[in-house]
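Notes for the one structure printed next.
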Amino acid sequence: MSRLDEPVRRGKGICAMRGSCGRTSIFGADLPCPDDGNSTPPEEDLRDLMATVCGPSYTVPNSVCCTYDQVATLSDRLQQAAPLIASCPACINNFRSFYCDFTCSPDQSTFLSITSTQKTTEGKDAVKEIDYEVSNEFKQGFFSSCKDVQFGATNGFAMDLIGGGAKNSSSFLKYMGDVRPGLGSPFQINFPENDDSQYSRIPLRCSDTDNINARCACADCPAVCPELPYVAPPSSGKCHVGAVSCLTFSLLIIYSVAILCGIAFYSWKQAIRHRQRRYERHALLDPPLSPTAASGNANGLDGLMGRGGDDSESGPSGSIHFRLGRGASLLDPMDHLQPKQNKINAALRRSFYRLGLFCAKQPVIVFGITALVVALLNIGWKSFAVETDPVRLWVSPSSESAAQKHFFDDNFGPFYRSEQVFITQSGSGPVNYDTLDWWLKVESEIGRLESETGVTLQDVCFAPAGPGTPCVIQSVSAWLGEDMEQWGEDWRDRVTECAGRPGECLPAFGQPIDPKLVLGGAQGDWLNAKALVITWVVNNYNDDRAGPAEEWERSLKHYLQDLSRPDVTISYSTGISLEEELNKSTNTDVKIVVLSYMVMFLYVSLTLGGGLPPHVISAFTHKIWRGLVQLGVLLRLVKTPIQETSSTSPSFSLIPTLLSVNSKFSLGLFGIAIVLIAVSSSVGLFSLLGVRVTLIIAEVIPFLVLAVGVDNVFILVHELERQNSLHSQGITDDTQSIDSDGRQPSTSASLPPEERVARAVARMGPSILLSSVTEVVAFALGALVPMPAVRNFAIYAAGSVFLGAVMQVTIFVSAMTLDLRRAEAMRIDCFPCVRLRPPIGLYDETAPTGEGVVNKFMRTVYAPFLLKNEVKQLVLVAFGGLFLFATIGIQHITLGLDQRLALPAESYLVPYFNALDAYLDVGPPVYFVAQGADVPTRDGQQQLCGRFTTCMDLSVANSLEAERKRPESSFVASPPAAWIDDFLQWTNPTFESCCRVRRRDPTVFCSPRDSERLCKPCFEGEEWDATMNGLPEGADFMRYLQQWLISPTNEECPLGGQAPYSSAVKLANDNSTVVASHFRTYHTPLKSQSDFIDALAAARRISNDISHRTGVKVFPYSLFYVFFEQYSHIQSTAIQVLTLALLAILGITTLLLGSWRTGATVTFVCSLAVINVMGIMGYWGISLNAISLVNLVISLGIAVEFCSHIARAFMGAGTGLPVDKEVGRKERDERVWTALVDVGPSVFSGITMTKLIGISVLALTRSKLLEVYYFRMWLSLILSGALHGLVLLPVLLTYTGGQGYSLEDTDEDWVTSQMRRPGDYEYAPFADTDSIMSD
C-alpha cells in the first residue's frame, strides 16, 4: 500500500478514480485505479451500456470517469441485487444511480476521496479505501425507497439481503460499503457525515405517482396503500366501570337495591305486625260478645259454625272440622282429607305396578329375557374399534376447517412433518462453545441415523431443490457447520453476524434462516439466547408413503430418549409423538379410576342394607353405657350405679346374625354389575352402528353411569324398606315351623314380598322415569356438539344410562324380590343356602319403630329450620349473591383446551410444549388459498398481484400486506409470499439469468447450465414495465408459469420458483389454468389458547374481506385451525344445547309432575345450578370447550336428579303429615316439609354422598384431563346440585309450587295409608289435639 504524495486535484469535471489496475489475488475482483484526471466523453458503446445499466431515470452525462469494462463489471454486480428490488422502481433506480454516480460521474472528485491504496498482482496502485460523501437527503431517500421492499420467497424484506437488515440509512450504506463477497464491495467504501456534500442527486420517492420510474406498488411502499376499515383488536371494546365489567357493576347495583327493598319491606311488615299485636292486646281487655248478641241472623248454630255466612271468620281452619277434630275429618275423607288424583301419575303408577309385580313374580323369565337381550346387544363387540387419530377425534368431519384442510392436502400436499428439539441449559444458557460443539456432533449423528430398514433423513426430508439435494434443517449448524474448531474464538462473531444478516449465511438448502427460528428467547441478544431450537422438516403424505417417515421418526425418538448431557435439558417432539402419547394407556389412569369404582361399590354395598333394628341398636347402646358406668363404680370414678330395668335386652351374640341377614352386599354388587352390563351393551350396540369408542368413553362413562344408576338403586331399596315397615308379612310359614319363637304373620295389612316390591316400584318408578328420561335427553343433546370424541361420548352415555335405567326397573326388581325373600327366610347374605334361627322377640309387632340419624335430623332439625320465614328469605338472598358471584365467574371463562392436559402427566411432550411456549418467538405459518381467479388473464392477475402499479388497490397480496401492518388485529406478522409477483418479476428482461430462451428457437427454454451466448432473456427487446404492459397472458402465461415452477432458486436468479413455490400453485390437469394457489405468511407468536382462537377468527375475517373486495374465493389454512374452529361457535352451541336441554326438562317435568309451576321451578333451579357450575369454571381455571360443554349438559341432567325426587314428593305430599309439625304453616310449607322428610335423606345419602365419595377419589389422578374436566367440574356439579336441590328448591316450592295430588292408586289405599302410618294425617292446624294424642 502507498499513500498519495502529491495534492489531489478536485473540482467539477475532475475524476477520483478510473479504469482497472488489476486484482490483489487470483480470485479477487478488479480494482479501480486512482485517477484525478479530467472526465472524458463516452464512446457510443459505453453510452449505450450506461443507459442500459443505469436505468431509465439516469441521464448519461456528456463526459464520464469510467471505462466500458468498469460499467460491465458494475452491471454484473447490479444483476445480483436487481431481482430482489426490481418490483419497486424507486428503489432499483436509486440503487442504479447511486452506483453509476460512484463509478462514472464526471464530478467524482467533489464527493469521492481516496484515503488509501494497495498493490495489485501487477504491481500497480489500486484503490483500497475511499470516502463517499453522499448527501443526507439522498441517504435518507435511498433508504426509505428500499426499506419496505419485500422478497416474497422468504416472507421477508429485500433489506435483509441488500442491507443486512439495516434499520436506518447509515447502517444501510455501511453494509453495502463493507468489503465482503456477494453484494458487498471489493474495497472499503466509507460514508462520512457531511452537511456540505457536493453530491447533488435527488432521490426518487416510491410514492411519486406521476413518475413511472419511481412509483412503487403498495406492497413495497406503504405511502401509496389505501387504508383498510378499522378493526378493533380482540382485547378491546369491553365495557368496564373501574376494575369491574359493566355487567358485574349492573348486577351489583340490582342486587344491592333488591336487598335494600327487602329490608325495607321486612321492616314495614314487622311494624304492621307490631300494631296488630297491640290491637289484639287491647281487644282482649274488652268483654267478649255473646253469640246471640251478634248482629244479623246470628244464632247459636252460627256461633258454633261461624258468624254470618262467612266461613273465614269461623277460625283459621275455615271448616266445621275445626270444631269436631280428627274424628270428624275421617268421617268425610273425600271432602277434607283426600287430595285429587293426577291422571298421568296414576297411569304411570299402574304401569310400574304391573311391571314390578311381573318382575317380582317371574324372576326366571325376567332374567332369561334380559340375558338374551344383553347377549344380542353385545354381539356388536365384534365391530368394536377405538379411534386414535387426533384429527378424527377432535375435528368434526363436516366442519369448514376440515373441508379446507382436505382441499389443501389434495391440492398442495399435506403440511410438512416436523421434528423439533429445544436445548436449554441452566446458568448462562446453551449458547457457549462446549454446548454448541456437543450439539453439532449430535446433529451430525442424527443426519446419519438409520431406521431398522435403513431409512435415513435424506430419504424422507423436505428438499426444496428436489430429491437428493440438501434437506431443510433449521439450526445454528447452518451458520457454524459441523465443527466449532474452524471458528475458534471467532464463533461469537459468526453467530452475531449470521443472526443480524441471515442473507449472508445461507444454509445448504439455499434459504436464509430467521434467527428467531433457531435461537429462542433471545429478544435480540442472540449470544444470550435461552434455548437452541432445531427443526428438521420432513415430507408428509396421507397414505402409505408416510410409513418410512414414521419409521425414521421412531428411530429419532429412541435416539433422543437416550441422549443426555449434564446441566442440559432436551425437550423434543417428533411427527408421531402427539398421536402416540394421546393414545398411551397410562393416560387412562386405570388405578385411580378403578379405585373410584371400588369406593363407590363399597359405599353402596354397605349402606344399602338395613343393618340392625333401631330398638336393638338402642338396647346395645344402653347396655354398653351401663357397663362403662359399672366400670367407673369399680374404679371409684362414679358413685351411683345405673339402676337395672326389668325389661330384657338382646344379647351381643345377635349382632353377627342380624348383620348377616340384613346385609345387602350381594344386592349392591348386582346393582353395580347391572351398570357395567349396561355400559357393555351400549358399547356393543353403538359399535355395531359404527360409532367408535374413545379413551374418554372407556375412562368416564362407567363411572358416570355408576354414579347415576346407583341413585335409582338406593331409591328403590329405601322405598322397599318403607313398604316393609308398612306391610311387613313377617317370616314365612316354613320358617315358623322350624323356629316356633319367630314373629307371627301380621293379620292386618300384611302383604307378600312380591306385592311390596310392586308397590315400591309403583311409587318410585315415575321418579326414576323422570330423572332417567331427563338425563338421557340431556346426554343425547350433547350429541349436537360436532366434535366426534364428544359426540360419541354423549351417544354412549345416553345409551348406557337408558339401558341401565331399564334394567334397574326390571331385572334389579327381580333381584330385589329374591333378596327380600332371602332376608325374611333368615338366610345369610352372599350365602343364601345357610338359614339362621331368628332371635326371640326381635321382630315382635310391638317392637318400637325407629329412624336413621339422617332421617331424624332432616325431620326434627333441618326441615323445620329451613321453612322458617326468616330463613327462607335469607336463603333467597344468599342464592341471589351466589348467582351474582357465578355471573362474575362466567365472565372469566376462557375458551380452549390445552393439549398438555390431554397428555399423560409424565409424557415427554409436556416439557416440550412448555419450551415451545417459552422460547419460540415465531408464529405458525398461515396460507391464504385463492380459488376462482382467471389467472391467465390480466384481470385475474391484477386480482392477485401486489408488486405492480396496476394491481387492484386491495388485491389479495395488497390486502395481506395491509393486514400485516396492524398485527394486533390481524395476527399476521410477515409479508406474504405472493407467487404471482415473483413469477412475473422472473420474466423481467433486465434479469438476464432468470427467464431465458434459446436465441435460435425462443420456444425452447434454457437450463441453468446453458451458455449465455446460446440464450437470451425471454422478453428481450419487448415492452415490459411495472404497469404490467408486455407481461405474459393466456397460453404464454401458462407456458412460462410451468417453466418457472421448475426453475431453481440460486444466487444467479433468486426469483426461481422451484424451492419456494413448487407446491404453492395447483394447475389444471390440462395445464390450461390455475385451479388454486396459496399466499404464505406467518402469524404473530401465539402463546395462549385465546391467541390461537383470535388468530383463526382474524384469518377468517381477512379471507372474507378479500373475497368480498376481489371476487376471488379465499380461505385461510393453518395446521391448528381444524382443532380451534369449534371455538368460533362453541358459545352459541353451548347456549343452543343448554336452552334445548332446559326446554326438554321443562316439558318432561311439567308432564310427569303434573304441574307447569312445579316443572318451571325445577327447571329454574337446575339452570341456576348449572350457572353456578359455570361460575366455578371461571374461578377454577376450567376452559369452555367441547368436553366442558358436554359436562355442562350432563350437569343439567344430573341436577334434575337432585330436584326431581323432592319435587315429586312435594306434588304427592297429600298422603298424610306427621303431627309434630309446627302449627300455622301454609299448605305448600307442609308439603315441602313432608317431601324433605320423605325423600330428603335418600337424596342426601343415596345421590349426594354416593357421587361425592366416588368423585373425590379422582382428586388423586395424575391425568390433568381427568382432574380439570371431570374431578373439578363434577365436584362443582355435585355440590351445586345438592345445595340447590336440598336448600333452594324447597324454599322456592313454598312460593311457586303447584297444587298437589295423591300418590296412591285408589281411595281405599289412600285411607289405609292414613290408618297404617301412626300420626300421619292431613294437617288441620286447630284439630282436636287431645283426641289425637289420646289415640
Side-chain angles (χ1 to χ4, degrees), residues 152-153 397 400-416 462-467 469 539-546 549 925 927-945 955-957 976-987 994-995 997 1001-1007 1018 1031-1049 1055-1080 1103 1106-1107 1110-1117 1119 1122:
E400 184 180 5
S401 290
Q404 291 168 353
K405 178 183 183 300
H406 182 71
F407 180 90
F408 189 93
D409 291 350
D410 287 347
N411 288 277
F412 308 114
F415 192 78
Y416 306 111
F462 170 59
T469 59
N539 286 319
N540 193 16
Y541 305 95
N542 286 331
D543 49 35
D544 295 339
R545 291 176 294 173
Y927 302 85
F928 288 89
V929 179
Q931 306 170 252
D934 190 6
V935 184
T937 65
R938 184 69 73 231
D939 289 341
Q941 297 166 16
Q942 291 170 340
Q943 289 174 327
L944 302 182
C945 70
S955 63
V956 174
W979 68 270
I980 183 73
D981 290 326
D982 284 357
F983 162 60
L984 294 177
Q985 289 289 345
W986 175 77
T987 64
C994 290
C995 182
V997 293
D1001 186 1
T1003 61
V1004 178
F1005 289 98
C1006 290
S1007 69
C1018 296
L1031 272 63
E1033 295 182 78
D1036 285 344
F1037 178 93
M1038 295 305 302
R1039 185 170 70 91
Y1040 287 115
L1041 177 61
Q1042 294 173 59
Q1043 179 63 27
W1044 175 69
L1045 291 174
I1046 61 174
S1047 296
T1049 308
L1055 294 174
Q1058 182 183 37
Y1061 298 114
S1062 58
S1063 61
V1065 182
K1066 174 66 175 179
L1067 305 182
N1069 292 333
D1070 58 358
N1071 294 327
S1072 61
T1073 188
V1074 175
V1075 175
S1077 61
H1078 68 62
F1079 295 72
R1080 183 188 68 246
S1103 297
I1106 294 174
S1107 298
T1110 64
V1112 178
K1113 183 181 178 182
V1114 178
F1115 70 83
Y1117 171 75
L1119 195 61
V1122 290

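Contacts of R1039 classified as salt bridge (charged side-chain N to carboxylate O under 4.0 Å, His left out), with partners at least two apart in sequence or in another chain: none. Every residue two or more places apart in sequence or in another chain that forms a side-chain contact (heavy atoms from CB on, under 4.5 Å) with A1068 is listed here: D1070, S1072, T1073, V1075. The ring-ring contact (aromatic ring centres under 6.0 Å, His included) test applied to F412 returns F408, H1078, not counting sequence neighbours. Every residue two or more places apart in sequence or in another chain that forms a ring-ring contact (aromatic ring centres under 6.0 Å, His included) with F983 is listed here: F1037, W1044. Applying the salt bridge (charged side-chain N to carboxylate O under 4.0 Å, His left out) test to K1066 and every residue at least two apart in sequence or in another chain returns nothing. With sequence neighbours excluded, the residues that form a salt bridge (charged side-chain N to carboxylate O under 4.0 Å, His left out) with D543 are R545. Annotation: side chain to side chain donor-acceptor pair (under 3.5 Å) contacts of W979 (sequence neighbours excluded): S1077. Applying the salt bridge (charged side-chain N to carboxylate O under 4.0 Å, His left out) rule to D409 yields the partners K405; only residues at least two apart in sequence or on another chain are considered. Every residue meeting the side-chain contact (heavy atoms from CB on, under 4.5 Å) condition with I1046, not counting sequence neighbours, appears here in chain and number order: Q1043. By the ring-ring contact (aromatic ring centres under 6.0 Å, His included) test, F407 pairs with F1115, sequence neighbours left out. Partners of N1069 under the side-chain contact (heavy atoms from CB on, under 4.5 Å) rule, at least two apart in sequence or in another chain, do not exist in this structure. Contacts of C1018 classified as side-chain contact (heavy atoms from CB on, under 4.5 Å), with partners at least two apart in sequence or in another chain: C995, V997, F1005, Y1040.
The shortest side-chain heavy-atom distance between P925 and Y416 does not fall under the 4.5 Å cut-off. Side-chain contact check for F462 versus N540: every heavy-atom pair is 4.5 Å or farther apart. Residues V1074 and L1041 are in side-chain contact: their nearest non-hydrogen atoms beyond the backbone lie under 4.5 Å apart. Within the 4.5 Å cutoff, the side chain of N1071 has heavy atoms near those of the Q1042 side chain.
Here the side chain of R938 pairs a donor or acceptor atom with the backbone of L1031 at under 3.5 angstrom. When atom types are taken as modelled, the side chain of D982 and the backbone of L1055 share no donor-acceptor pair closer than 3.5 angstrom. The closest donor-acceptor contact from the side chain of Q941 to the backbone of E1033 lies at 3.5 Å or more, if one exists at all.
Taking each heavy atom of C945 and D981 in turn, the nearest pair found is CB-OD1, 3.2 Å. Shown here for G1057 and T1049, the closest heavy-atom pair between the two residues is N-OG1, 4.2 Å.
Partner Q943 forms a side chain to side chain contact (heavy atoms under 4.5 Å, CB included) with one of V1112, V935, D934, I1106 and no other, that one being V1112.
For the atom pair L1067 CG and N411 CG, the distance stands at 10.5 Å (nearest 0.5 Å). Distance OG1/T1110 to CD/Q942: 12.5 Å, rounded to 0.5 Å. Note that CG of L944 and CZ of F928 are 14.0 Å apart. Values are rounded to the nearest 0.5 Å.
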